[in-house]
Amino acid sequence: MSVTSKQPQVSQPRGWRRLWKSPSSQARWFWFVISGLLYAALLAWYYYAFKTQDDPEPFADPLRLFGIIAYVLVLITASYSLRRRFMRGLPGKVQNWLWMHTWLGIITILIAFLHENYARITHDYCRNLSCLTETYWATGALFALIFLVISGISGRLLDVWQTRVIAREASSNGVGIERSIEEQLRKLNYTVGRYSAGKSDEFKRACAEALESQGRTIYPDTDLAIHERADWQRVQPTLLEHARLERSLNRQKRARRVIQAWRTLHIFLACLALIIISYHSIMELLTNVLHIIAYPQ
Ligand code: HEM
């Protein structure tokens with residue numbers, strides 16, 4: 001049976017005309033400047049302390065205060081999760097919070113270096129694992145923060161790269177992002193179904209294989225009955241369009257999965273780091289700042 005209804009609108013690839021664009025934000029510069037100024041001020045104080053004190057140590061100010069500031073910044077950085085998941089009513093766009101998270105997260109590790117006076121980084125290196133747990137896990141907390149920030153920076157770069165993959169696909173496939181493609185694929189499947197209705201099993205198998213293999217297996221005309229060849233030619237643009245869109249959909253899904261896998265890892269590291277950093281910070285506060293408990297001898 002020949003299909004007489006109108007041919008489907010097969011969209012042509014349009015090159016790089018943007019259909020989909022990630023929004024930009026002023027918050028990027030705001031938090032960059034705030035974080036830069038805060039770090040510059042603490043750095044200046046650090047050098048001033050070296051000029052005016054004999055041997056500044058993490059348990060005396062200002063290095064001790066840098067530790068408290070670093071801990072407060074860790075908590076503020078982690079509060080991004082509250083805005084994103086648990087308290088969506090908090091003011092400000094999620095994207096702006098993410099810029100706060102990014103820049104404060106980066107200066108937090110720089111301030112932690114100042115707090116420990118670069119110990120374990122430029123001198124006084126760890127020689128065995130037991131150094132991690134000394135002084136209420138001070139070094140453990142430092143390394144946990146380093147891994148977390150490295151994971152954050154790599155993830156941010158990965159996010160920019162994979163978001164570009166999605167944007168490029170969405171802009172060039174002529175349809176857009178995942179949901180629109182899935183909708184279009186459903187329509188194309190339906191059209192192929194109509195072409196196949198009342199045809200031989202061979203014709204149906206040829207269509208099914210072309211759909212499943214994303215256009216890589218295309219039956220030669222000669223394998224089909226003569227009276228079905230004209231329809232087989234007519235269904236080709238639909239099959240090719242289906243294959244093209246399915247490949248685009250798969251690339252977008254892969255990009256999303258990569259971002260998702262990284263996010264899971266970052267959240268896992270964040271939870272672990274928060275536990276270690278909180279233990280170190282709270283114990284130091286109780287012994288060294290509030291003097292509620294005595295320092296172990
Ligand atoms: C103090 C250090 C940090 C902590 C405690 C921390 C914690 C977290 C947490 C808990 C989340 C999960 C948010 C959620 O989905 O509920 C998250 C997400 C994320 N973090 Fe961090 N992070 C830190 C540093 C960084 C840094 C330095 C960067 C980048 C330079 C970064 C980039 C990201 C990104 C891109 C996400 C995913 C955002 C999203 O998809 O919504 N993080 N972080």
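Whatever order the structure lists them in is the order used to number ligands and atoms, beginning at 1. Predicted model, so just to flag it, every value in this text is computed and none were measured.
Under 4.0 Å from ligand 1, the heavy atoms of L98 that appear belong solely to its side chain.
Residue contact check for ligand 1: D159 places no non-hydrogen atom closer than 4.0 Å to it. Judged by the shortest distance from any of its heavy atoms, W262 lies inside the 4.0 Å radius around the atoms of ligand 1. Ligand 1 has at least one atom lying under 4.0 Å from a heavy atom of I106.
In this pair, F50 and Y46 present their aromatic rings tilted. The plane angle is within the 30 to 60° band.
In summary, the aromatic rings of F66 and W45 are positioned with their centroids under 6.0 Å apart. Ring centroid separation for the pair Y80 and H101 comes in under the 6.0 Å cut-off. Two rings, from W99 and F30, have their centers 6.0 Å or more apart.
Counting heavy-atom neighbours within 6.0 Å of I292 CD1, excluding the residue itself, gives a total above 12.
For atom 12 (C) of ligand 1, the closest non-hydrogen atom of the protein is I267 CG1, 3.4 Å.
The contact set between ligand 1 and S81, taken as ligand atoms under 4.0 Å from a residue heavy atom, comprises 13 (C), 14 (C), 16 (O). Which parts of ligand 1 touch R156 is read off a 4.0 Å heavy-atom cut-off, strictly below it: atoms 35 (C). Which parts of ligand 1 touch R263 is read off a 4.0 Å heavy-atom cut-off, strictly below it: atoms 39 (C), 40 (O). Residue R85 has at least one heavy-atom neighbour below 4.0 Å for each of these atoms of ligand 1: 14 (C), 15 (O), 16 (O).
Checked by atom type and distance alone, the side chain of T133 pairs as donor or acceptor with a backbone atom of S130 at under 3.5 Å.
Under 4.0 Å is where a charged nitrogen must lie from a carboxylate oxygen, and between D124 and R120 at least one such pair does.
Listed by chain and residue number, the protein N/O/S atoms under 2.8 Å of atom 21 (Fe) of ligand 1 are H101 NE2, H266 NE2, with waters left out.
Hydrophobic clustering, with ILVMFWY side chains joined whenever heavy atoms are under 4.5 angstrom apart, groups L90 together with F86.
Judged as a disulfide (SG to SG under 2.5 Å), the pairs with a partner in residues 46-145 (not counting sequence neighbours) are, in order, C126-C131.
Between A112 and L142, the closest heavy-atom pair is CB-CD1, 4.1 Å.
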